[in-house]
Student: 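A single structure is presented below for examination.
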Amino acid sequence: MKKKIEDINKELDSFAPSNPDEVEQFRINMLGKKGQITLLLSDFRDVPSEEKKEIGQLINLLKNKAIDLIESSKISFKNSSSKGETIDLSLQQEIIEMGSRHPISLIKNELFTIFQKLGFSLSEGPEIEDDWHVFSALNFPKEHPARDMQDTFFIEKSPDILLRTHTSSVQVRTMESQKLPIRVICPGRVFRNEAISARAHCIFHQVEGLYIDKGVSFADLKQTLLFFSRELFGHDTNIRLRPSFFPFTEPSAEMDVSCKLCGGKGCSVCKHTGWLEILGCGMVDPTVLELNNIDSKQYSGYAFGMGLERIAMLKYGVKDLRLYFENDIRFLNIFKNYL
Ligand code: PHE
């Protein structure tokens with residue numbers, strides 16, 4: 001019996017499991033139903049009574065030693081396997097991909113900041129509009145081509161419900177709802193039935209401005225546009241106004257800025273003219289003031305409107321309008337460092 005106990009003790013001493021399965025095997029081999037220590041205990045009955053005390057103590061020590069060994073082995077395997085799941089301080093932190101602002105949002109924010117300095121506030125309106133706000137209140141004659149299906153997306157006919165073709169509709173809504181004087185800029189999406197190409201799209205963004213007060217003159221308009229152009233494109237920028245026509249302004253003009261790329265000398269971007277057209281403007285036609293219940297004898301105003309895609313093209317050197325709408329991550333990434 002003593003010999004057996006010694007042998008098992010040696011086995012316990014040399015126990016060096018390399019995985020949890022081996023620990024379990026060892027447990028069965030020692031303490032299972034037919035385990036070596038379990039059998040020792042059943043053999044204990046046959047031990048002569050004078051040896052019982054000594055042998056009993058030895059077997060108990062052996063049993064407790066085996067239990068301790070098995071438990072401690074189990075714990076050490078548990079700890080080592082969970083170590084990998086907890087904190088590894090040498091691991092590199094997961095890189096968080098930052099997004100970027102869309103160039104159209106960047107330009108919109110920049111324009112808003114510039115016009116805010118001049119006391120303009122923001123005004124927004126619906127994209128789905130009626131004929132009155134997009135055309136009639138702005139003095140568009142009934143036969144004007146912009147009212148044609150070719151140019152305008154109609155949703156319903158008579159009464160006409162349509163997608164706004166410019167944000168001048170917001171100016172009408174502002175005249176309806178706000179007290180004079182009015183000084184607002186109206187950014188937003190507009191829709192025109194045009195074939196999609198590098199230079200045109202059926203959806204684009206505008207910012208339009210409206211200022212109505214007593215004694216507003218064309219000189220105020222020109223000074224405002226000069227200030228705006230220099231803030232946006234740099235302080236050496238020049239502007240020029242060319243006579244034009246819009247149903248809602250009289251006189252009307254189109255404004256060019258001096259080409260930044262060639263400094264006005266002429267290049268392929270400005271088609272060798274040294275100038276780039278960026279907006280339409282003019283004095284609000286008295287008829288429009290009257291249509292919107294504003295006394296044109298007391299009040300006058302100016303308005304202007306520009307396409308944001310075009311401004312962003314000039315400012316960021318974007319050559320194809322379609323890029324703004326495709327949301328290609330490679331294009332958007334270019335604007336990561338702009339705020
Ligand atoms: N609404 C005009 C357009 O969409 C732009 C404009 C606004 C022109 C205000 C003059 C005055 O083209």
Side-chain angles (χ1 to χ4, degrees), residues 104 107-108 111 115 118 120 122-127 129 131-141 144-148 150-153 162-175 182-194 199-213 216-218 220-226 228-229 239-257 276-289 291-292 294 296 299-311 313 321:
I104 297 300
I107 286 288
K108 191 169 85 178
L111 293 196
F115 282 107
L118 295 171
F120 283 78
L122 198 77
S123 194
E124 287 179 305
E127 292 178 347
E129 271 290 8
D131 175 276
W132 172 258
H133 291 95
V134 176
F135 298 128
S136 297
L138 289 160
N139 196 31
F140 275 80
H144 194 282
R147 292 177 176 240
D148 201 302
Q150 246 77 55
D151 289 299
T152 304
F153 288 111
L162 43 98
L163 295 179
R164 65 182 179 194
T165 55
H166 52 186
T167 54
S168 303
S169 54
V170 185
Q171 303 185 347
V172 175
R173 289 188 179 273
T174 309
M175 287 189 269
I182 287 172
R183 205 187 322 220
V184 288
I185 59 162
C186 317
R189 261 198 316 187
V190 300
F191 309 84
R192 291 183 196 175
N193 194 359
E194 293 200 33
R199 316 194 95 244
H201 209 289
C202 56
I203 304 173
F204 59 100
H205 297 77
Q206 279 191 327
V207 164
E208 298 215 353
L210 176 71
Y211 176 34
I212 302 173
D213 203 348
V216 177
S217 71
F218 200 91
D220 296 323
L221 169 63
K222 195 174 167 190
Q223 197 56 34
T224 303
L225 295 178
L226 181 65
F228 150 72
S229 305
I239 63 166
R240 78 174 180 187
L241 292 160
R242 286 176 289 103
S244 185
F245 174 79
F246 299 102
F248 36 89
T249 46
E250 181 56 37
S252 304
E254 260 157 326
M255 190 189 86
D256 301 339
V257 289
L276 296 160
E277 184 195 318
I278 64 160
L279 59 79
C281 60
M283 299 305 292
V284 181
D285 194 310
T287 319
V288 173
L289 294 177
L291 280 168
N292 290 282
I294 295 171
S296 64
Y299 287 93
S300 58
Y302 64 67
F304 55 86
M306 65 195 104
L308 292 187
E309 280 76 3
R310 173 139 179 91
I311 309 259
M313 268 176 146
L321 208 82

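Whatever order the structure lists them in is the order used to number ligands and atoms, beginning at 1.
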Student: With heavy atoms of Ala303 as the reference, note each atom of ligand 1 found under 4.0 Å away.
Tutor: 9 (C), 11 (C)
Student: Please state which protein non-hydrogen atom is closest to atom 2 (C) of ligand 1 and give its distance, to 0.1 Å?
Tutor: Glu208 OE2, 3.5 Å
Student: Would you say the side-chain atoms of Arg147 and Thr165 include a donor-acceptor pair closer than 3.5 Å?
Tutor: no
Student: Does Cys281 approach ligand 1 within less than 4.0 angstrom via side chain, backbone, both or neither, non-hydrogen atoms only?
Tutor: backbone
Student: Start with the C-alpha gap between Met283 and Thr249, add the side-chain angles, then the distance that decides, and say whether side chain to side chain contact (heavy atoms under 4.5 Å, CB included) holds.
Tutor: CA-CA 5 Å; Met283 299 305 292; Thr249 46; 5.8 Å; no
Student: Would you say Arg192 and ligand 1 have an N/O pair spaced under 3.5 Å apart?
Tutor: yes
Student: Between Phe304 and ligand 1, which part of the residue brings a heavy atom under 4.0 Å of the ligand: side chain, backbone, both or neither?
Tutor: backbone
Student: Identify the two heavy atoms, one from Pro247 and one from Asn139, that lie closest to each other, and give their separation to 0.1 Å.
Tutor: O-ND2, 2.9 Å
Student: Could you tell me whether His166 and ligand 1 have an N or O pair separated by under 3.5 Å?
Tutor: yes
Student: Please list, in number order, the atoms of ligand 1 under 4.0 Å from a heavy atom of Ser168.
Tutor: 1 (N)
Student: Hey, would you say the Phe246 and His166 ring centroids sit under 6.0 Å apart?
Tutor: no
Student: Determine whether the side chain, the backbone, both or neither of Gln206 has a heavy atom under 4.0 Å from any heavy atom of ligand 1.
Tutor: side chain
Student: If you measure only the distance, is there a donor-acceptor pair under 3.5 Å linking the side chains of Thr224 and Tyr302?
Tutor: yes
Student: So which atom in Ala303 and which in Leu210 form the shortest heavy-atom distance, rounded to 0.1 Å?
Tutor: CB-CD1, 4.2 Å
